[in-house]
Amino acid sequence: GQLGITKAYVCAPAKEISVYDYTQGLFAAALGFFVFGDVPDWLSVLGYVLICGAGAVGSNVAEALVKMGCSLDLLDFDNFTLENAAKHSCLVRTPEDVGQNKARCVARRVQPFLEEGCTANGVDTDLCRIGPEALADYDVVVLCLDNYAAKALFNELWMQLPPERRPVVIMDGTQDEMARSVMLDG
């Protein structure tokens, strides 16, 4: 797995490969279960997740998490464009989704895959309009952002929460053609 991803970064631009980085957590959980007998607790499987950024990386993360039984909210202020449609999850359809808010569109597209009792909601906003208390409602936040300033703003919001109220954060995306993935646990 890791050797294949490493080789892929040699053969293609980072922004094309980083979409698949989110699978590392899935494979780590599977490896932990099959090799060490670690059984994920119910929050690991059914925890409430916020995905900031519903574009190329975020749409694929949302699809995978919903299929694993997670409830989630997606946050993005941007709309889908035809120019970057090929990078998004196969759930996103063109031309009918072009011009629609990414978060709302992905939330609508994952509805058929939701397990009973799970939800997916799209929120048309950005990080500048939410406060730190909004983050405390989630078990996990996945940042799928390419914008460094937005990542820094999220960090400021997260640090304002008391450590016991901070969600686990997975930061994923591309920056200057370099894929990055970091996990923070309060």
Side-chain angles (χ1 to χ4, degrees), residues 1 4-27 48-115 118-130 134-135 138 140-155 157 169-182:
I5 290 288
T6 303
K7 178 69 172 166
Y9 282 117
V10 173
C11 300
K15 66 182 180 180
E16 303 295 329
I17 306 303
S18 65
V19 173
Y20 303 100
D21 263 353
Y22 72 89
T23 60
Q24 291 177 359
L26 303 176
F27 287 118
Y48 206 58
V49 179
L50 171 65
I51 299 174
C52 296
V57 176
S59 61
N60 283 285
V61 170
E63 181 180 359
L65 290 175
V66 163
K67 289 178 179 178
M68 289 173 30
C70 291
S71 288
L72 54 86
D73 288 341
L74 295 118
L75 183 143
D76 203 316
F77 69 93
D78 203 4
N79 295 335
F80 281 116
T81 62
L82 192 56
E83 293 78 31
N84 63 10
K87 297 179 185 177
H88 297 94
S89 165
C90 292
L91 295 175
V92 178
R93 300 184 187 135
T94 54
E96 61 207 71
D97 291 336
V98 171
Q100 295 187 34
N101 174 264
K102 292 178 179 181
R104 289 184 177 164
C105 180
V106 172
R108 186 179 70 253
R109 295 291 186 197
V110 300
Q111 294 299 317
F113 303 103
L114 289 171
E115 292 186 7
C118 292
T119 61
N121 304 294
V123 181
D124 182 358
T125 193
D126 62 29
L127 289 174
C128 298
R129 297 177 187 217
I130 67 169
L135 302 177
Y138 298 94
V140 177
V141 177
V142 183
L143 288 184
C144 301
L145 306 169
D146 291 341
N147 184 301
Y148 179 78
K151 290 178 183 180
L153 174 60
F154 177 87
N155 186 58
L157 294 171
V169 178
I170 301 171
M171 297 172 67
D172 212 351
T174 57
Q175 174 83 28
D176 298 326
E177 297 297 318
M178 294 294 293
R180 303 175 195 276
S181 184
V182 177

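Predicted model only: the values in this text are computed from it and were never measured. The basis for the numbers below is simple: all heavy atoms, side chains too, and nothing from hydrogens, waters or symmetry mates. Along the sequence shown, residues are numbered consecutively beginning with 1.
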TODO: Answer yes or no: is there a side-chain heavy-atom contact under 4.5 Å between Ile51 and Leu65?
DONE: yes

Task: Option among Val61, Thr119, Val110 that satisfies the side-chain contact (heavy atoms from CB on, under 4.5 Å) test with Val66 - done: Val110

Open item on the list: Nearest 0.5 Å, please: how far is SG in Cys128 from CG in Leu157?
Closed with: 8.5 Å

Task: Interatomic distance, Leu135 atom CG to Ile130 atom CD1 [nearest 0.5 angstrom] - done: 4.5 Å

Open item on the list: On a heavy-atom basis, which atom in Arg108 and which in Pro112 lie closest, and how many Å separate them?
Closed with: O-CD, 4.1 Å

Task: Minimum side-chain heavy-atom gap Leu145-Phe154 below 4.5 Å - done: no

TODO: List the atom of Arg109, the atom of Glu96, and the distance in Å for their closest heavy-atom pair.
DONE: NH2-OE2, 3.0 Å

Open item on the list: Check whether Gln111 reaches the backbone of Ala120 with its side chain - one donor and one acceptor, N or O, closer than 3.5 Å.
Closed with: yes

Task: Expected output: side-chain Asn101 to main-chain Asn79 donor-acceptor under 3.5 Å - done: no

Open item on the list: Which heavy atom of Ala54 sits nearest to which heavy atom of Phe80, and what is that distance?
Closed with: O-CZ, 3.8 Å

Open item on the list: Tell me the closest heavy-atom pair linking Val57 and Cys144, and the distance in Å.
Closed with: CG1-SG, 3.7 Å

Open item on the list: Taking Lys151's backbone N and O only, do any of them form a donor-acceptor pair with Asn155's side chain (distance below 3.5 Å, no angle check)?
Closed with: no

Open item on the list: Tell me which pairs pass salt bridge (charged side-chain N to carboxylate O under 4.0 Å, His left out) where either residue lies in residues 68-80, with sequence neighbours left out.
Closed with: Asp78-Lys102

TODO: Grab the two heavy atoms, one from Cys118 and one from Ser71, that are nearest each other, plus how far apart they are.
DONE: CA-OG, 3.1 Å

Task: For the student: nearest non-hydrogen atoms of Ala62 and Val106, plus distance - done: CB-CG1, 3.8 Å

